[in-house]
Amino acid sequence: MSAIRIDGKQISQQIRSEIAERVAVLKQKGVTPGLAVILVGEDPASQVYVRNKERACIQAGMASRVIRLPEDTPQESLMALIDEINRDEKMHGLLVQLPLPAHLDEAQVLKAIDPKKDVDGFHAINAGALMNGEKAPVACTPQGCIELLKRSGVELCGANAVVVGRSNIVGKPMAMLLLRENCTVTICHSKTRNLKEFTQKADVLVAAIGRPKFITADMVKPGAAVIDVGINRLADGKLCGDVDYEQVEPIAGWITPVPGGVGPMTIAMLLKNTLEAAERHGR
Ligand code: GUN
């Protein structure tokens, strides 16, 4: 038996066409959803991500404004720009691409974004709302993982879910979303003792570690749904995830590939958050 390969590319296309239809309805009411993206510096991966976000917005019929700033941009200039976009009626979403250059204060930047425009769901108010079960923008990557699981028919209610990784961007919101779906959730991390003992009990295993092929076959419960959030570049230039796909695929029940799994879903959820911010606008 081998796992069902969860096709994030196909599922994200489906979601993006659903979003484009909702955008068209909103445009008929005179509102064009708009997303502003700020990129500071020359990080090559960030440049690719931002270009993909811009393209996806335009394809969905949304307005896109990308502001590229030099590496040495002072904190005050960035804060002033965020303030300007917060007040721009045409931009319903605003995100600052991470990571920022080391001299910039990321926490201060994220706090400055209007929580209603925070389509990344990174603002403390939105992270807190997720914790309290209130409706608010949710971080795109974990939201995308939940969509993949649900649309693939994985039973979440009562399942043992193990998240490996505790970042604010993925691990923590992922755990909250799985809890919301009535999973029994464990968060593991770099200091976890006997990691394998936890992962072997997981019906749903989410790998967000940032280490290539870290999750090996002996760590996976037969039949588990394995969601790979990792995007690592190997010495030969190829991309690979945090899961050893070749090893784990024969054992798992479901598995996401890298590339073509979680990655495309992040953009689809960003479009969804932007659309919903525009739908809420003025209410
Ligand atoms: N860098 C890597 N992933 C993300 C993301 O989802 N949002 C932002 N703003 N930066 C990122």
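Because only heavy atoms are used, hydrogens play no part in the values below, and waters and symmetry mates are left out as well, while side chains stay in. If you're wondering where the values come from, they're calculated on a predicted model, not measured in any experiment. Ligands are counted one by one from 1 in listed order, and the atoms in each one are counted from 1 as well.
Side-chain atoms of E147 and Q143 form no donor-acceptor pair, as typed in the model, at a separation below 3.5 Å.
When the salt bridge (Lys or Arg N to Asp or Glu O under 4.0 Å) test is applied to E249, no partner is found at least two apart in sequence or on another chain.
Checked options D114, I113, L110; the residue passing with I82 is I113 (criterion: side-chain contact (heavy atoms from CB on, under 4.5 Å)).
Atom CD1 of I227 sits about 9.0 Å away from atom CD1 of I255, to the nearest 0.5 Å. Distance check, rounded to the nearest 0.5 Å: CD1 of I85 to CG of D83 gives 10.0 Å.
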Under 3.5 Å, N/O to N/O: give me all the pairs between ligand 1 and the protein, one per line with atom names and distance.
unit_1   : atom_1 : unit_2 : atom_2 : d
ligand 1 : 1 (N)  : Q97    : NE2    : 3.3
ligand 1 : 1 (N)  : L98    : O      : 2.9
ligand 1 : 7 (N)  : D120   : OD1    : 3.0
ligand 1 : 7 (N)  : D120   : OD2    : 3.3
ligand 1 : 9 (N)  : V96    : O      : 2.9
ligand 1 : 9 (N)  : D120   : OD2    : 2.6
ligand 1 : 10 (N) : L98    : N      : 3.0

List the steps, then state whether side-chain hydrogen bond (donor to acceptor under 3.5 Å, both in side chains) holds for Q247 with K213. CA-CA 9 Å; Q247 266 197 28; K213 302 190 184 187; over 6 Å; no
